[in-house]
Amino acid sequence: MLIPCPHCGERPHSEFIYGGDATLYRPADPTRVSDMEWYDYVYLRTNPRGPHNEFWHHTLGCDQWIEVTRDTLTHRILAAAAIGSSAAGDTP
Amino acid sequence: MSETIPIRSPLVGVPRLGGSAALTVAEQPGSTLLHLEGARHGTELGAVLSTLGLADIPAIGASGGRDGASLLGIGPSIWLLVMEPGTALPSTLTAGGAIGSAFTVALDASHAYTRIAIAGPKASELLAKGCAIDLHPRRFLPGGCAVAALAGMRCTIWRVAHEAFEILIGRSYAVSLWEWLRDVTAEYDAHPDRAERDG
Amino acid sequence: MQRYSIFSLLRNAMTYHRNWAEAWRSPDPKPAYDVVIVGGGGHGLATAYYLAKEHGITNIAVLEKGWLGGGNTGRNTTNVRSNYILERNSYFYEFSLKLWEKLSQDLNYNVMFSQRGVLITAHFDAQTQALLRRGNGMRVLGIDAVFLNREQMRQKVPIMDFSPTARFPVTGGLLQPRAGVARHDAVAWGFARGADARGVDIIQNCEVTGFPTDAGRVTGVETTRGFIGAKKVGIAVAGHTSQVAALAGLRMPIESHLLQAMVTEPVKPLLNVSLSYGAGHFYTSQTDKGELVMGGDLDGYNSYAQRGNLPMVEHVAAAAVTAVPCLSRLRIMRHWAGIVDMTMDGNPIIGKTPIDGLYLNGGWCYGGFKATPGSGWVFAYTIANDRPHDLNAPFNLDRFRNGYTIDERGVGPYPPLH
Amino acid sequence: MSAQPFRLAQGGLIARDTALRFAFNGRSYTGFLGDTLASALLANDVRIVGRSFKYHRPRGVFGLGAEEPNALVQLGVGARSEPNSKATQTELYDGLVAASQNCWPTVEFDLGSVTGLFGRLFPAGFYYKTFMWPPGRWIAWEPLIRRMAGLGKASLLPDPDRYEHRHAHCDVLVVGAGATGLAAALAAGRSGARVIVLDDGSRPGGLLLTERRMVSDRAAVDWVSDAEAELQAMPEVRLRNRTTAFGYYDHNQIGAVERVADHRPARHGEPRLRVWHIHAREVVLATGAHERSLVFGNNDLPGVMLASAARGYLNRYAVRPGRSAVVFTNNDSAYAAALDLQAEGIAVQAVVDLRPAPPGALIARLAAAGIEQLAGSAVVHALGQRTVHGVCIAKLDDAARPISQPHRIDCDLLCVSGGWNPAVHLHAQARGRPVFDDTVMAFVPGAAVQAERSAGAARGSFALAACLAEGAAAGAAAAEAAGFRAPVAADLPLVVEPAMGSAAPAWHIAPAPRCRRKRFVDLQNDVTDADIALAVREGYRSVEHVKRYTTLGMGTDQGKTSNAIGFAHVAASLGTDISEVGTTAYRPPYVPVALGGLAGTEGGRHFAPDRLTPMHDWHVAAGAVMAQSGVWLRPQCYPRGAETLDDAARRESRAVRERVGLVDISTLGKFELFGPDTAEFLERVYINRWRSLKPGRCRYGVMLREDGMVFDDGTTTRLGENHYFMTATTGQAPLVGRRLQYWHKVLWPDLDLRIVSVNDQWAGVALAGPDSSNVLARVIENADLGPAALPYMAMTTGQVAGVMARVLRISFSGELAYEIYVPAGYGTRLWEALLTDGAEYGITPYGTDAMNALRIEKGHVAGGELNGRVTAGDLGLGRMMKADQDFIGRRSLARPGLNAPDRWQLVGVVPEDGKTTLPPGAKIVADRTDRYVGELTSTTWSPTLGMPIALGLVAGGRARHGEGMTAVAPLMGRSVRVVLRSPVFFDPEGTRLHV
Ligand SMILES: Cc1cc2nc3c(=O)[nH]c(=O)nc-3n(C[C@H](O)[C@H](O)[C@H](O)COP(=O)(O)OP(=O)(O)OC[C@H]3O[C@@H](n4cnc5c(N)ncnc54)[C@H](O)[C@@H]3O)c2cc1C
Ligand SMILES: NC(=O)c1ccc[n+]([C@@H]2O[C@H](COP(=O)([O-])OP(=O)(O)OC[C@H]3O[C@@H](n4cnc5c(N)ncnc54)[C@H](O)[C@@H]3O)[C@@H](O)[C@H]2O)c1
Ligand SMILES: Cc1cc2nc3c(=O)[nH]c(=O)nc-3n(C[C@H](O)[C@H](O)[C@H](O)COP(=O)(O)O)c2cc1C
Ligand SMILES: [Zn+2]
């Protein structure tokens, strides 16, 4: 796979380390959420078979976390963006 | 003052790589490096840029500068200032000087990296043995730089001329990278060692 | 069931093997069953087999979306062992290993369980200590384990790099002699034949697409071949657990990841133990046909693409020639991948779900082949009695919420690290 | 050295002036430069090359290249010996040594072939049905089976050769340099695009090199040379022979293996194989087609050969593949073979064509050449014990059943052609789905998923004219797609194409009545039509089941010549058609690739880089025993004279307790944090308080994972108002770095701070022991070390040995101690200065063993305890946790599992008798001996207490101090009575720290 790093350009995925689901939302104040909500945040994953918003860390490159939308079935990359400038989708 | 005390190279004691018409590989000791983050656009930055003879601050993957002082864009609002050995530092470029206030972070990195020059017609072929980036001169122009894996180690690769590159490798990795270079440069006679001659 | 033996083989040779019976039928689904098992892999088939054999429930259908055994059962590197760190794992996998030891006779199908031993090599002090803790724990629990020193290692696997220039010198190794490898396809086929012989309908090319419920209780399954009624439904779909559970509205503590494997060209016997390299991602064993089957680490990103990528193949190759230099000239003949269901603690989930009559068997990560008989046995027990057996009680779905995770690697809720 | 009886007097693409000597099965022969081992063996009348996998039947050369199922040899000797090498792809070189494999005592007389006599006992899957007794004793039968299986022998010696990788990028990759590929490359190259052309042959040309054809009034071979020359002249085009694309991966990345030095010795420093990682914008697949066999009795005998192969040996290598031949085909392509053979004086007895009415033009040409033509007929079986001596031929009815009484024709060569399989492998690997095409009777590429297009024989266009046209079009289209303007191909080479009739469906020729001769589908794995029928009959109906049950296509050739035939037999047995059945999955590699090549330079010496500390050279020079600690090399201890490692560690730890020692701690993770929100950030990532930390002060901190388990510990020092210096443990440092960034950039981007890893910039030394302050006082300038200015957990800066240093009064050992940090390039300078000025205090360098002993005495946790399953509470650090603010992991702590009474908690452990050493890795058992309640996590010998001690984790351990238990290590046959106690063995009040 080649991951288009928004900072460095297209690089082999072996330069990156995977950071998992990018749609998780850590409660602003964990003390205010139910055990169930916290459990959902820490443990439960949608694990879609298709487009997936995920984090990658460009460990052997710019050393930044980036956000990528990738199809988990075809491995096609649909979008890639720097953290925050979220072209890659709906992180709060 | 510590500036005057020479930095001990991690490559002291490892066999040196000689040179050939095809390729030379040599350490470039003694440069002063500054790790810079978060440019504060303002008068100080202006001062720094003019000292470097730059109209604008280099983007990621680009570099610029003059008089042996070059600024490399190595990350999102992250730069590396490379000052050649012996270049008398304009006061603006000392961590204490303007540069210190032109950036949120200005850290001495002179000890953090080992600098290796790779030059010759075979230079990009050599790099292509361990680096996935496209080194075609159309794609990776002189002056361009990239942080990428070389033989699985994180390096800043800086093309200083059509056939000349500079590698900045984290100091603790320098010996491992050097040994890899020794191995893969053998075919260019870049070093006299004939031990493993074959056939 | 037509019994297999050297005699039946001789008899059938006389008639040029024209009279062998089908190993399993290919029936059409009935309108309803007592139990429907989703997933015709080793675990699903074993569950059906033990439901019939141990609990007398025979009105069962196993529904497989593709061809039976075509999932991870059909693509795994076949290590069967019980050399675990944590007590609960030890009990469960040792139980499974004991079933393996009788499996060929039990199924009257030779699954070629070869107890040649599984060996983990040690290279660093911290690692040696960890292996000692592990092996000592196994021994306390009555599981076989031996620690080999460097010399004994040299005897056992002379082809490893014992030279002074070895990248990571071998200092020792933890061997489980009773562990070994088996013929993966035969496991699926043997269980299928055994289940079929006890009346189980194995229905291939039948994908489950929904779990109709009534008042919180499952009533059957929607499939690509229509609705099939069921009193109880068991899910055993490994890499697709999240998808299938989602059909029942359940979110899983699971990520699906790629795990690759590869085989070399066949060669004469070279390695007589299943070897697992402690200093890199590489483990291998030689099949009876002669290929060395190799595997390494997960590719490390969510994926449902049942196909590998080059970097991990090359990393495994690098580790292989580093560990065993003479492998360098052996050629890889084929490489492939499977989709493994990585849980948040690296251990499986076998038990009840919030939905009555719906049971879950999944989260096997990269290690469920060895569990096949044990998993089928406890899952059958759980379905038959509507409560888990002591052996699988700890592997319940609630453990994540309650903080009773079973984390062998100790890396927490980061699936690729397990 | 024998002459080459089967070599033609002239012709062929071989250098007759360069004779090469080689040995096969101990006999020596000669061939010519340009030969393959296969052509040279045929030239020397060597027919039996190897033995088959299961029945050990004699086998000869069957094909011409990568598709070869039979002619596998043990190539080379000693460390360079390679099993299963295809003679058809092995270029001949002087001194080549090869031998037959899978036979004993000789390939001519192989005892293994008795399995053939009992062949009937070994149908597909026979092993699933027997060897089950005595129970659980498969292991007893296994060795027999294993010895019979397995083809060649692997060398047991380390491989002396080198391997490398090479990355390449291009606009257009053309795979295959036959007529199609060359046309494609020319078209693409002329557009100025960056083009790479690969061919696995030793020279471009593909099948053109085997055909006597004209391409625009030039001999095809000359056209090829011109094309090659033009491509060589283009600056942006790279043409690579001996390079096989083996895998088509995601995002148009292609893996290819180049045989750099297999056909000649490697030059100095040169690799044997080079594995290419090619990233191509567009790919043209011009990989050609593999000819198929036909299924009839004894169709595996040496002397049975693909028609295209026979033609290749004749035309390219000037070798007579036999004396008198019969050609058996279902399509036109084999006619050319018949005519070429006849022309070279090989008596072609007959062309047997399954088709009742082959094209008239072809019949006429045969007649003109005086070759008998038998239409609507089949070879029902071949005759001969060890090689072909003749064939039996019968007329067929419409259902392809023999009707006439078979009649015999003598011959020693039987050329077969069952049609062609386009090489769709790479297309399929690129996730294309091959579809069955009834007109060419083969699977052809389906819709492309990646940026890839097939052309020529690879997509079922077998006419040369079509190949050239499609190639040119594909090359141009690819260049256009990559953003280049391809000039319209002006001069398409002209070729006269013989009219082509369509092939006859010829999957299955019914055997003559009561004919029991084996009829092979997969020659390498000895899979017969009967095996496939049996599999289906037994219920293994999916083509994937048939494959696995019979091993069809699972050999080193991956069924290139056999799979399609097998699928057709499955279809026949199921009564459906082949497009219903489909294919088995195509997987990489297209041809087997050596592990060494895949490993490249990463194998062996360069496997995983070592990280070295700034003082590494000093340690080595001082005779330190260096030990791997994660990615780092660290001194374990510095033995003197005859000291054992234990002696050395004890001496070193005693020195620290009694006087002063120094240890290299440069491996610790080091971060600098800047910005107004840093304190807030620390509050959120550490379990303890940070806002209260004053400038110039240090604090110990613990981090958790979100699941509440301890993640890492270390110290953080406030250097200035908004400037902090953090250390992390050596092992976790990289992970900590990534998590810190994640927490900041992903969770709390609003926090104003920057985190910079400064790992390589700083060298770190811990100076510890009662005399440490005295030593430091001597080396440091302008710094006040007095307890007031620099109390415990405070920091200062000063000039040490002339360089600016950060001095932290921190202790891991429990002694009065300092962590001194200087820029890495001055690390050795600092180290040596301390040794010099410490000399009179008997300063002693110590390694990780002593460091461990000291921290264990002090009850400080490390790797063994931080196993990822412990909470701060388990370690007795619960009190550190702040109550009033959230931090990473806190929300998970309330869960019952993390507060269970039987959680394993940190304890100290000592032998009951005060002297017996504690076995490392021991488990702790209490009342019941068939269960454990805990384990020893770190064991050592206490310099202070002068006895063995350990840290351990024990269920509910904190409440069980004083309890007697047993530490058991069955692996070592040891068991020691122990007593649990507080984990702090040394100076619990910490008086030594606060002097
Ligand atoms: C490369 C690799 C190496 C491995 N090595 C080992 C090893 O050495 N030792 C070990 O113990 N384990 C190993 N494993 C893990 C092991 O293979 C699996 O854990 C085990 O095979 C799981 O078996 P299963 O029956 O649960 O799943 P599978 O065999 O995958 O069966 C699940 C079945 O469910 C079917 N299915 C999915 N969705 C549906 C649906 N909606 N409707 C109907 N059917 C459906 C699938 O088609 C599949 O056939 C390895 C795995 C891989 C991929
Ligand atoms: N008359 C017939 O029925 C018939 C049938 C088939 C072929 N042909 C003849 O064959 C030729 C077809 O031309 P073509 O160029 O399409 O096929 P080709 O077979 O001539 O060339 C294909 C080339 O690709 C190479 N190759 C295949 N896979 C490769 C890989 N993975 N990596 C690197 N190289 C690889 C092969 O070694 C070969 O050199 C024409 O001359 C045609 O007349 C005729
Ligand atoms: C233990 C084991 C041994 C295998 N041996 C072979 C083999 O000898 N030849 C072969 O072509 N494939 C072999 N394979 C791989 C299979 O052909 C196939 O690739 C694998 O089961 C995955 O299926 P798929 O490739 O159809 O997706 C083996 C697989 C396993 C699990
Ligand atoms: Zn990047």
Side-chain angles (χ1 to χ4, degrees), chain B residues 1-2 4-10 12-13 29 33 35 37-38 77-78 104-105 107-114 125 127-136 138-139 151-153 169-177 179-180 183-191 193-194 196-199, chain D residues 160-162 164-170 194 236 261 264-272 274 277 279 600-602 605-606 608-614 616-617 620-621 631-632 666-667 672 674-675 754 756-763 799 801-804 822-829:
Chain B
M1 249 343 270
S2 57
T4 63
I5 302 170
I7 296 175
R8 188 174 199 280
S9 159
V12 179
L33 307 173
H35 175 95
E37 293 197 15
S77 96
I78 304 174
T104 328
V105 174
L107 281 177
D108 178 21
S110 311
H111 299 248
Y113 299 97
T114 300
E125 180 180 299
L127 292 177
K129 293 181 177 193
C131 179
I133 61 179
D134 188 350
L135 298 163
H136 191 284
R138 269 197 226 144
R139 291 293 174 74
M153 291 169 255
I169 174 83
R171 175 190 177 101
S172 56
Y173 287 100
V175 171
S176 289
L177 180 65
E179 280 173 357
W180 181 80
D183 189 355
V184 295
T185 52
E187 70 177 295
Y188 310 118
D189 290 329
H191 54 89
D193 163 8
R194 278 278 177 289
E196 69 253 54
R197 182 183 268 299
D198 177 353
Chain D
D161 289 326
R162 290 189 67 249
E164 278 186 6
H165 289 174
R166 183 80 68 81
H167 296 271
H169 302 252
C170 62
R194 289 163 69 188
E236 293 295 341
R264 57 162 175 82
R267 299 193 195 90
H268 169 65
E270 193 182 48
R272 173 173 83 101
R274 182 179 288 132
H277 296 188
H279 176 216
T601 52
E602 194 192 337
R605 204 158 105 246
H606 304 299
D610 275 329
R611 293 184 73 176
L612 307 182
T613 76
H616 180 82
D617 298 349
V620 173
V631 287
W632 293 89
S666 307
T667 59
E672 290 196 27
F674 300 84
R754 286 186 171 267
V756 185
S757 167
V758 294
N759 226 335
D760 277 343
Q761 170 70 15
W762 295 92
Q799 291 278 319
V803 302
M804 186 53 68
V822 297
Y826 305 142
T828 307
R829 186 187 174 86

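No hydrogens, no waters, no symmetry mates; every other heavy atom, side chains included, goes into these values. Lettering follows sequence order; numbering is per chain, from 1.
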ask   = Ignoring hydrogens and geometry, is there a side-chain-to-backbone donor-acceptor pair from B:Y173 to D:L612 under 3.5 Å?
value = no
message = Let me confirm one number: the CZ-CD distance from D:R162 to B:E187, rounded to the nearest 0.5 Å.
response = 7.0 Å
remark   = Of B:L177, B:V175, B:D108, the largest count of non-hydrogen pairs under 4.5 angstrom with chain D goes to B:D108
Heavy-atom contact with chain B under 4.5 Å, split by part of D:W632 = side chain
query = Based on non-hydrogen pairs under 4.5 Å, which of D:H165, D:E602, D:R754 is most in contact with chain B?
reply = D:R754
key: Among D:R274, D:E164, D:R194, residue most engaged with chain B (heavy-atom pairs, under 4.5 Å)   = D:R194
query = Once you round to the nearest 0.5 Å, how far does CZ of B:R8 lie from OG1 of D:T828?
reply = 4.5 Å
ask   = For D:D610, is it the side chain, the backbone, both or neither that has a heavy atom under 4.5 Å from a heavy atom of chain B?
value = both
query = Which atoms of D:R605 come close to chain B, meaning under 4.5 Å heavy atom to heavy atom: side chain ones, backbone ones, both, or neither?
reply = side chain
ask   = Given the rule in the side-chain hydrogen bond (donor to acceptor under 3.5 Å, both in side chains) test, do B:D183 and D:H606 qualify, once you have shown the distances and angles that lead to the verdict?
value = CA-CA 9 Å; B:D183 189 355; D:H606 304 299; 3.0 Å; yes
message = Out of B:G13, B:A109, B:A151, return the one with the most heavy atom pairs under 4.5 angstrom to chain D.
response = B:A109
inquiry  = Among B:T104, B:I78, B:I133, B:L107, which residue has the highest count of heavy-atom pairs closer than 4.5 Å to chain D?
reply    = B:L107
Pair D:Q761, B:Y113: side-chain N/O donor-acceptor within cut-off below 3.5 Å = no
request  = Compute whether any side-chain donor of one residue and acceptor of the other, for D:S757 and D:N759, lie under 3.5 angstrom apart.
outcome  = no
task = Name the region of B:L127, side chain, backbone, both or neither, that has any atom closer than 4.5 Å to a heavy atom of chain D.
result = neither
Residues in side chain to side chain contact (heavy atoms under 4.5 Å, CB included) contact with D:H279, at least two apart in sequence or another chain = A:L2, A:E10, D:H169, D:Q253
task = Would you mind telling me which of D:P271, D:A168, D:G600, D:P823 has the largest number of heavy-atom pairs within less than 4.5 Å of chain B?
result = D:P823
Non-neighbouring partners of D:A763 that pass side chain to side chain contact (heavy atoms under 4.5 Å, CB included), sequence neighbours left out = D:P614, D:M615, D:S666, D:V822
task = Could you have a look at D:V631, D:V756, D:T613 and say which one has the most heavy-atom pairs with chain B under 4.5 angstrom?
result = D:V756
request  = Give, as side chain, backbone, both or neither, the part of D:E672 having an atom under 4.5 angstrom from any heavy atom of chain B.
outcome  = side chain
request  = Check for a donor-acceptor pair, side chain of D:R272 on one end and backbone N or O of D:A266 on the other, with a separation under 3.5 Å.
outcome  = no
Between B:V12, B:L33, B:V184, the one whose heavy-atom pairs under 4.5 Å with chain D are most numerous = B:V184
